[in-house]
Novice: 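Before we start, here is the structure in question, set down as structure tokens.
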Amino acid sequence: MIGLFGSRLGIYASVPRVTVTIPSAVVMIPGTTIYRAVHNFAVGNTPVALFAVVDVTLNVLFIAGGLIIARLITDPDWAFSHHINFGKVLDGDVRPINS
């Protein structure tokens with residue numbers, strides 16, 4: 001719902017949809033559940049802590065998935081008009097990471 005309403009609000013306010021949808025979705029991340037997971041790990045209650053970690057992970061993934069689905073619904077150009085050329089050779093120097 002955030003993605004769908006944010007898309008319309010972005011058009012109405014003439015701002016990018018990201019400035020409307022992302023801040024409102026970040027507020028939904030369950031901080032108390034994250035705290036419960038860390039606390040239960042600290043006191044040695046591992047099953048409850050693992051349940052809380054899974055709960056937080058699924059919540060964050062579903063929030064992101066909802067925003068992606070809303071973007072696919074409201075912006076067909078974003079969803080279907082970008083071709084990714086995986087055969088393109090990138091220019092530039094090859095540098096090792098740890099040099």
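Numbering of residues begins at 1 and proceeds along the displayed sequence.
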Novice: Tell me the closest heavy-atom pair linking V18 and P23, and the distance in Å.
Specialist: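 Closest approach of V18 to P23: O-CD, 3.5 Å.
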
Novice: Can you hop from I63 to I22 via hydrophobic side chains spaced under 4.5 Å?
Specialist: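 Shared cluster, yes.
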
Novice: Any donor and acceptor pair, going by atom type alone, linking the side chain of N40 with main-chain N or O of R36 inside 3.5 Å?
Specialist: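 Checked: pair present.
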
Novice: If two hydrophobic side chains count as joined below 4.5 Å and joins carry through other members, does V54 share a cluster with F62?
Specialist: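 Both belong to a single hydrophobic cluster.
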
Novice: At their closest point, which heavy atom of N59 faces which heavy atom of P30, and how far apart are they?
Specialist: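 Closest approach of N59 to P30, heavy atoms only: ND2-CG, 3.7 Å.
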
Novice: Treating Ile, Leu, Val, Met, Phe, Trp and Tyr as nodes and any side-chain heavy-atom pair under 4.5 angstrom as an edge, say whether V56 and L58 lie in one connected cluster.
Specialist: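 Different hydrophobic clusters.
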
Novice: Where do A25 and L67 come nearest, in terms of heavy atoms and distance?
Specialist: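 Looking at all heavy atoms of both residues, the shortest contact is CB-CD1, 3.8 Å.
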
Novice: Is there a donor-acceptor pair under 3.5 Å between the side chain of S7 and the backbone N or O of G3?
Specialist: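 Here the side-chain-to-backbone pair does not exist.
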
Novice: I need the minimum non-hydrogen distance between A37 and V53, along with the two atoms involved.
Specialist: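 Nearest pair, atom of A37 first, then V53: CB-CG2, 3.7 Å.
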
Novice: Can you see whether R17 engages T74 through a side-chain donor-acceptor pair at a distance of less than 3.5 angstrom?
Specialist: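 Yes, T74 and R17 have a side-chain donor paired with an acceptor closer than 3.5 Å.
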
Novice: I'd like to check T21 versus F5 (side-chain heavy atoms, cut-off strictly below 4.5 Å). Are they in contact?
Specialist: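 Not in contact.
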
Novice: To the nearest 0.5 Å, tell me how far D75 CG sits from I73 CD1.
Specialist: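 Interatomic distance, D75 CG to I73 CD1, rounded to 0.5 Å: 11.5 Å.
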
Novice: Examine distances only and state if a side-chain atom of D55 and a backbone atom of F51 form a donor-acceptor pair shorter than 3.5 Å.
Specialist: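 No.
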
Novice: Working to the nearest 0.5 angstrom, can you tell me the gap between I2 CD1 and L9 CG?
Specialist: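 Going from the CD1 atom of I2 to the CG atom of L9 covers 12.0 Å.
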
